[in-house]
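Remember, it's 1-based here, ligands and their atoms both numbered in the order they're listed.
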Amino acid sequence: MNRLVRLKLSSAEYRYDIRISDERLLNSLIIELASLRYSNLFVVTNTVVWKLYGPLITASFKKAGIAYHVVLLPDGEVHKNLKTIQKIYDALLLYHADRRSILIGIGGGVVGDVTGFAASTYMRGIRYIQVPTTLLAQVDAAIGGKTGVDYALVKNIAGTFYQPLFVYSNIHFLETLPHRIYRAGIAEVIKYGIIRDKSLFSYVQKHRAGVLAQSPQSMLKILYESSRIKAEFVEKDEKETSGIRMLLNFGHTFGHAIESSTQYRILHGEAVGIGMIIAAKISYLLDLCKKDVPKKIEQVIRDMELPVSINNLDIQHLSKSINYDKKSEADKIALILLKDIGMPVVYKMDKKMLKKILMEVKI
Ligand SMILES: NC(=O)c1ccc[n+]([C@@H]2O[C@H](COP(=O)([O-])OP(=O)(O)OC[C@H]3O[C@@H](n4cnc5c(N)ncnc54)[C@H](O)[C@@H]3O)[C@@H](O)[C@H]2O)c1
């Protein structure tokens with residue numbers, strides 16, 4: 001079964017599809033590729049993904065008579081840098097890529113972000129396709145055209161907004177994902193429920209077992225709803241100018257600070273989960289929402305076997321890190337808080353007040 005989310009960008013009158021599939025082979029990806037005209041095709045992936053899916057990709061492409069080059073990158077966030085981009089440019093030059101060439105990024109968010117960045121800059125922009133293989137990349141990173149690399153220890157500091165031709169998400173890629181990485185991706189799904197769709201939140205609450213066990217039905221449901229919601233935000237605020245896309249950062253201000261305060265020992269999604277609990281507790285302390293809101297959020301995060309707190313978290317360090325957040329200006333910070341599940345609000349808070357309130361929140 002294939003489900004389609006169509007993303008329309010009014011600025012460029014550009015639209016593209018996010019195809020969510022549970023097919024065993026890559027049939028619809030191959031059909032899409034066969035319908036395109038290009039001079040050269042490049043599969044950009046990493047060693048981990050290629051080891052798992054190289055045989056399937058090779059066999060499917062061969063059967064369809066599709067020729068391609070493989071650009072094999074090292075695995076991990078530490079390689080999300082300009083050196084890796086150079087490696088991609090080198091391969092493109094070696095095989096005489098021209099403006100009619102197409103890149104296909106097959107992998108997690110790191111592969112997707114670097115493929116998009118290379119595509120957006122090589123010859124001032126060539127086409128690319130996103131084939132995300134982690135839950136986080138399927139529900140978030142591959143959708144919306146944000147590309148980038150890390151530089152001088154700053155995450156995503158160099159990047160572009162550059163939309164793909166289409167996104168192909170196949171639920172079967174997730175079967176080989178380490179379960180901890182999979183669960184970390186669920187935090188982003190829960191986030192979409194909290195900021196936009198109470199029924200998605202309830203779905204995760206009610207279908208705990210199916211979601212954790214990656215039942216095809218649950219996977220199709222959460223991928224479809226999350227992709228739809230992400231697409232909706234991107235359509236309204238493609239380049240993060242109106243502030244609407246900022247709501248997607250719910251839980252992230254605290255999450256990023258937790259990641260850096262714990263020297264990145266915990267995964268991004270795990271930190272976001274705790275960050276969402278903190279944001280909900282602050283919302284309650286400020287009387288913005290009822291007491292059951294943080295309770296429900298904490299429970300669903302616990303149900304997804306994600307951490308809900310951290311031992312010995314240094315609040316001083318945490319509030320210092322928050323001050324470096326992108327949404328921070330002079331003595332105030334814009335927080336995404338909640339009136340209810342499905343009802344986020346942007347709340348500008350004095351930094352001193354935030355530090356005080358963080359002391360009250362039990363993390
Ligand atoms: N562009 C955006 O809008 C956006 C949004 C959110 C996150 N991101 C970026 O995404 C990155 C994080 O993405 P991620 O969580 O996917 O991390 P990742 O790309 O590092 O993937 C996590 C690990 O899983 C492996 N992997 C990938 N697919 C697999 C599979 N099917 N089976 C087994 N292992 C597999 C990877 O090789 C890696 O070791 C960060 O760099 C972040 O900045 C970008």
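Annotation: Asp140 places no N or O atom under 3.5 Å from an N or O atom of ligand 1; distance criterion only. Note: no N/O pair closer than 3.5 Å links Arg245 and ligand 1 by distance alone. Taking distance alone, with nitrogen or oxygen atoms compared against 3.5 Å, Val111 stays at or beyond that limit from ligand 1. In terms of polar-atom proximity, defined here as any N/O pair under 3.5 Å, Phe173 does make such a contact with ligand 1. Polar contact with ligand 1: absent for Thr147 (N/O pair, distance under 3.5 Å).
Close contacts of ligand 1 with Leu136, meaning ligand atoms under 4.0 Å from a residue heavy atom, involve 7 (C), 10 (O), 12 (C), 13 (O), 14 (P), 15 (O). When each atom of ligand 1 is checked for a heavy atom of Val49 under 4.0 Å away, the hits are 27 (C), 28 (N). Close contacts between ligand 1 and Lys80 involve ligand atoms 9 (C), 40 (C), 41 (O), 42 (C), 43 (O) [criterion: under 4.0 Å to a heavy atom]. If you number the atoms of ligand 1 from 1 as listed, the ones under 4.0 Å from a heavy atom of Glu77 come out as 40 (C), 41 (O). Atoms of ligand 1 lying under 4.0 Å from any heavy atom of Asn156, numbered from 1 in the order shown and given with element: 43 (O).
Protein heavy atom nearest atom 3 (O) of ligand 1, with residue, atom name and distance: Lys146 CB, 3.6 Å. Looking from atom 20 (O) of ligand 1 to the surrounding protein, the closest heavy atom is Val110 CG2, 3.5 Å.
Checked against side chain to side chain donor-acceptor pair (under 3.5 Å), Thr45 has no partners two or more places apart in sequence or in another chain.
Looking at Lys230, its side chain does come within 3.5 Å of a backbone N or O of Asp140 through a donor-acceptor pair.
We find the CZ-CG distance between Arg228 and Leu7 to be 12.5 Å, quoted to the nearest 0.5 Å.
A salt bridge does not link Arg265 to Glu259: none of the charged nitrogens lies less than 4.0 Å from a carboxylate oxygen. With salt bridges taken as basic N to acidic carboxylate O contacts below 4.0 Å, none links Asp113 and Lys146.
When all heavy atoms are compared, the tightest approach of Phe166 to Tyr16 is CA-CD1, 4.2 Å.
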Quick one: side chains of residues 273-290, donor-acceptor pairs under 3.5 Å with protein atoms, not counting sequence neighbours, listed by atom name and distance.
residue: Lys281; atom: NZ; partner: Lys362; partner atom: O; Å: 2.8
residue: Ser283; atom: OG; partner: Ala279; partner atom: O; Å: 2.7
residue: Ser283; atom: OG; partner: Leu338; partner atom: N; Å: 3.0

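For atom 25 (C) of ligand 1, the nearest non-hydrogen atom from the set Val48, Ile106, Thr176 comes from Val48.
When non-hydrogen atoms are compared, ligand 1 lies under 4.0 Å from neither the backbone nor the side chain of Ile143.
Checked against the 6.0 Å centroid threshold, Tyr53 and Phe173 count as a close aromatic pair.
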